[in-house]
*Asks:* 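I have a structure I would like to understand better, so I am pasting it below and will then ask my questions one at a time.
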Amino acid sequence: MIERIEQLRAEGERDVAGAATTAALEEARVRHLGRRAELPNLLRGVADLPPDQRGQVGRAANQARQALEAQIAARAQELEGAELDARLAADRVDVTLPGDPPQPAGRLHLLTATRREIEDVFLGLGFTVLEGPEVELVHYNFDALNHAPNHPARDRTDTFYVGEDLVLRTHTSPMQIRAMESHPPPLYVVIPGRVYRRDSDATHTPQFHQVEGLAVDEDITLADLKGTLLAFARAIFGHEREVRLRPHFFPFTEPSVEVDVSCFNCTEGHLRDGSRCALCKGTSWLEILGAGEVDPNVYAYVDDERYDPERIAGFAFGLGIERIAMLRHAVPDLRLLYDNDLRFLEQFG
Ligand code: PHE
């Protein structure tokens, strides 16, 4: 009997020592100390033994059980520690990785993409890009741009006044003056930015975007303006485009023109099936911007003798980014550009 107990104890110790996982250890415990295992059974039978054997066998079996229990507890601690370490190492989370599911990369808004394309065209022609304030002095927005004191654009029903002498700029043209004040000629700049007018319908929003252009050098003529705008029109609307200048009036250019680009949607106002082109309304021309030769009066507002109208000349133009984007992509309503409806925005970029 004692011999058997020693044998069971030795087998148990070997098994427990050899268990490589907590699961294997638990199996070993059940095998050696579980309800149907031989050693516990033996212990339970001690009472039935002849009295002279009970003490000895009982003590030996008890010691064997306690030894195994202690060994199992110690082994369990070892294995649990190792398994926890392994799990922690495997589960380590890199919080710098992108979220799951990955966020969509997004895209540029049509207006941003169009502005950048326009900038790129003029950068390619040797212009640089400037920006200026949206809250502007009346002096720069109107006076220095040769607006008569009673010019209708000065009216509070047309323009947002922030103070007596301060407006939300109604165009990017005030930057013509600011650019000349801070840079001597020759000057070739484009100025993109937000502008504000008291207008709101399918083709007007109170806030919209323009790109101003200004070139001042010796001998700049309308021919330079036309060539520059032809290059621009072809880059944006396609290589077969033509431009035409129509007489117009702006207080700060003389002569002033409106510039049309030939319609890219039709031939001479008609679609292939003979119907009238809706984009150019059958005229075969699309109005894209206002421009002209810088009025000599304007140079007088720039307090710098290097801007002497006897020695230099320049052209200026101003275009609406919304208008360019809408023409190009046949967007029917300006407000779509500001509604933030993804079904619209995702069609571009
Ligand atoms: N500032 C004018 C407008 O907003 C456009 C323009 C710019 C015209 C430059 C001529 C020269 O209508």
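Everything quoted here is computed from the prediction, not taken from an experiment. Start at 1 and go down the list; that is how both ligands and their atoms are numbered. Excluded from the calculations below are hydrogen atoms, water molecules and symmetry mates; all remaining heavy atoms, backbone and side chain alike, are included.
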*Asks:* Under 4.5 Å between any side-chain heavy atoms of V211 and T172, yes or no?
*Replies:*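 No, every pair of side-chain atoms sits at 4.5 Å or beyond.
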*Asks:* Ring centres under 6.0 Å, that's the criterion: do F250 and F317 meet it?
*Replies:*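 For F250 and F317, the ring centres are not under 6.0 Å apart.
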*Asks:* Report yes if some heavy atom in the side chain of M1 is under 4.5 Å from a heavy atom in the side chain of L42; otherwise report no.
*Replies:*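 M1 reaches L42 side chain to side chain.
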*Asks:* Is F315 linked to F232 within one hydrophobic cluster, defined over Ile, Leu, Val, Met, Phe, Trp and Tyr using a side-chain heavy-atom separation of less than 4.5 Å?
*Replies:*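 Yes.
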*Asks:* If the criterion is any heavy atom closer than 4.0 Å to an atom of ligand 1, which residues make the list?
*Replies:*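 Those residues closer than 4.0 Å to ligand 1 by some heavy atom are H171, S173, Q176, R197, Q210, E212, F250, F252, T253, G290, A291, A316, F317, G318.
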*Asks:* Tell me whether R169 forms a cation-pi arrangement with Y196, defined as NZ or CZ under 6.0 Å from the six-membered ring centre and within 45 degrees of its axis.
*Replies:*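 No, cation not above the ring by the 6.0 Å, 45° rule.
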*Asks:* Please collect all ring-ring contact (aromatic ring centres under 6.0 Å, His included) contacts where either partner lies in residues 329-349, sequence neighbours excluded, each pair once.
*Replies:*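 Every ring-ring contact (aromatic ring centres under 6.0 Å, His included) pair that includes a residue of residues 329-349, provided the two are not neighbours, is H329-F348, F344-F348.
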